[in-house]
Amino acid sequence: MTDDEWQAHTTREAAKAIGRWLEGRGRLHQPIRSLTIADLEAMASNAISRFVVLGAQRIRDEPEEATDLMWLLAG
């Protein structure tokens with residue numbers, strides 16, 4: 001998978017994670033402007049978590065193509 005394909009894939013997966021969080025939260029009839037900072041932080045956390053999981057999987061599956069992602073696991 002090229003870097004551009006991976007970027008598109010992770011963006012789509014992060015969007016799905018946000019969608020799942022919104023559906024789980026309920027109140028989908030409310031406008032976006034009614035979201036609190038805590039809501040926005042929760043959505044961001046879900047999207048970031050999904051990105052990290054996908055990055056770790058890519059490092060495991062394609063280590064030679066994912067050297068730019070190694071910082072994800074560096075501690």
Side-chain angles (χ1 to χ4, degrees):
M1 179 180 307
T2 68
D3 286 344
D4 288 341
E5 291 169 332
W6 190 80
Q7 173 71 34
H9 175 69
T10 56
T11 299
R12 192 170 32 260
E13 289 296 315
K16 287 179 188 177
I18 290 170
R20 283 190 296 273
W21 183 86
L22 284 168
E23 286 177 346
R25 171 186 168 268
R27 302 180 308 222
L28 293 176
H29 63 285
Q30 293 180 333
I32 291 290
R33 70 177 177 264
S34 70
L35 295 173
T36 66
I37 192 66
D39 293 332
L40 296 171
E41 289 171 346
M43 286 193 303
S45 178
N46 279 288
I48 292 165
S49 295
R50 187 66 182 135
F51 174 81
V52 170
V53 167
L54 290 171
Q57 289 172 346
R58 186 172 189 210
I59 290 168
R60 181 194 65 215
D61 297 343
E62 304 173 34
E64 61 283 339
E65 293 184 27
T67 55
D68 58 329
L69 294 173
M70 292 300 188
W71 61 268
L72 286 174
L73 300 181

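Under the side-chain contact (heavy atoms from CB on, under 4.5 Å) criterion, L28 pairs with L22, E23, sequence neighbours left out. Under the rule for a side-chain contact (heavy atoms from CB on, under 4.5 Å), the partners of A42 that lie at least two apart in sequence or sit in another chain are W21. Taking T11 as the reference, Q7 meet the side-chain hydrogen bond (donor to acceptor under 3.5 Å, both in side chains) condition, with sequence neighbours excluded.
Counting heavy atoms from C-beta on, the side chains of R20 and N46 never come closer than 4.5 Å. Considering only heavy atoms from C-beta on, Q57 comes within 4.5 Å of V53 through its side chain.
Within the structure, every pair that satisfies the salt bridge (charged side-chain N to carboxylate O under 4.0 Å, His left out) test and touches residues 34-57, not counting sequence neighbours, is listed here: E13-R50, R25-D39.
Taking OG1 from T10 and CZ from R58, the interatomic distance works out to 9.0 Å, rounded to the nearest 0.5 Å.
F51 and I18 are not part of a single hydrophobic cluster, where members link through side-chain heavy atoms under 4.5 Å apart.
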